[in-house]
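In each ligand, atom 1 is the first atom listed, and ligand 1 is the first ligand listed. Small disclaimer: the values here were computed from a predicted structure and weren't measured.
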Amino acid sequence: MILFMGVPGAGKSVQGRMLSDYLGYPWISTGEILRQHISGEKRQRMLQGELLTDEELYEVVEPVLKEHVDGSTLNVILDGFPRTQAQAEWLQQFVESHGITMRCIIRLHADAKEITRRLLDRGRPDDTEEVIANRFVEYERATKPILDFFEKRGVPTPKIDGNGTESEVHGRIKQAIDAL
Ligand code: AMP
């Protein structure tokens with residue numbers, strides 16, 4: 001299992017998909033799964049940008065992960081999960097109980113200027129520089145304890161420079177994975 005972490009706009013989805021094609025693993029994005037499968041009040045909450053509850057996530061994530069467990073191997077790329085400390089503990093419990101080794105957490109970084117440019121290209125009016133700066137702060141706040149949690153358990157967390165073209169970044173990720 002390989003996890004992706006990075007601030008919105010760092011290129012997680014693009015790079016997660018490229019790596020999944022390269023390795024031949026499925027790309028599991030909790031945001032994508034939720035957009036495809038949830039309805040009603042939960043969908044409204046999601047559309048308003050709120051996080052769903054941990055329990056709601058486990059219901060969605062557990063069957064998808066189980067589907068790909070093969071003995072003590074789980075060859076997937078996971079994007080968008082875990083996003084809370086409780087989710088990190090749940091995932092740790094899941095891998096431990098199946099004897100699965102977490103291969104690494106790819107920390108995708110890009111500088112604010114590059115991210116601002118990408119997000120502005122995306123054309124959404126709410127992607128202002130101020131909002132983007134806030135996302136950086138929020139990302140650090142939420143992600144730091146999760147990274148610490150897995151680092152303490154010996155999971156490598158290579159930091160990847162996400163600036164540059166998609167294929168340049170993909171090359172760096174492949175290199176980091178091969179070096180593990
Ligand atoms: P994303 O595509 O990763 O930005 O996720 C889109 C939305 O799905 C988020 O704003 C949340 O509402 C929901 N979501 C995705 N992953 C999680 C998660 N791990 N925990 C809680 N909510 C999530």
Task: N-O pairing of Lys174 and Asp178 below 4.0 Å - done: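 No salt bridge links Lys174 with Asp178.
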Task: ligand 1 versus Leu51: contacting region, heavy-atom distance under 4.0 Å - done: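 The answer is both.
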Open item on the list: Return the closest protein heavy atom for atom 22 (N) of ligand 1 as residue, atom name and distance.
Closed with: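 The closest heavy atom on the protein side is Leu52 N, 3.1 Å.
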TODO: Measure the distances from the heavy atoms of Glu56 to every atom of ligand 1 and state whether one is below 4.0 angstrom.
DONE: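 Contact check Glu56 vs ligand 1: negative.
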Task: Sub-3.5 Å N/O-N/O distance, Pro82 and ligand 1 - done: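 N/O-N/O distance under 3.5 Å: no.
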Open item on the list: So, regarding Glu32 and ligand 1 (criterion: nitrogen or oxygen to nitrogen or oxygen, under 3.5 Å), is there a contact or not?
Closed with: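 No, since none of the N or O atoms of Glu32 sits under 3.5 Å from an N or O of ligand 1.
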In terms of atom number and element, which parts of ligand 1 are under 4.0 angstrom from non-hydrogen atoms of [X]?
{"X": "Glu50", "answer": "11 (C), 12 (O)"}
{"X": "Gln87", "answer": "18 (C), 19 (N), 20 (N), 21 (C)"}
{"X": "Arg35", "answer": "2 (O), 6 (C)"}

Task: Check against side-chain hydrogen bond (donor to acceptor under 3.5 Å, both in side chains), Glu96 and Gln92 - done: CA-CA 6 Å; Glu96 246 174 54; Gln92 175 65 20; 2.6 Å; yes
TODO: Evaluate whether atom CD of Gln175 has more than 12 neighbouring non-hydrogen atoms of other residues, nucleotides or ligands under 6.0 angstrom away.
DONE: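 No, because the 6.0 Å sphere around CD of Gln175 holds 12 heavy atoms or fewer from other groups.
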Open item on the list: Side chains of Gln93 and Glu89: any donor to acceptor distance under 3.5 Å?
Closed with: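 Short answer, no.
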- [ ] May I ask you to establish whether Arg153 and Phe149 are in a cation-pi arrangement, using a distance under 6.0 Å from NZ or CZ to the six-membered ring centre and at most 45° from the ring axis?
- [x]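 Cation-pi check for Arg153 and Phe149: passes.
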- [ ] Run down the list Arg83, Met46, Lys42 and name the one with the heavy atom closest to atom 1 (P) of ligand 1.
- [x]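 Closest candidate by heavy-atom distance is Arg83.
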- [ ] Going by heavy-atom distance to atom 14 (N) of ligand 1, choose the closest among Leu34, Thr30, Leu91.
- [x]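 Considering heavy atoms of Leu34, Thr30, Leu91, the nearest to atom 14 (N) of ligand 1 sits in Leu34.
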Task: Phe4 and its side-chain contact (heavy atoms from CB on, under 4.5 Å) partner, picked from Leu78, Leu19, Ile160 - done: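 That would be Leu19; it is the only one of Leu78, Leu19, Ile160 passing the side-chain contact (heavy atoms from CB on, under 4.5 Å) with Phe4.
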Open item on the list: Quick check against the 3.5 Å criterion: does Arg118 have a side-chain atom that pairs as donor or acceptor with the backbone of Gly9?
Closed with: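 Flag set: sc Arg118 to bb Gly9 pair under 3.5 Å.
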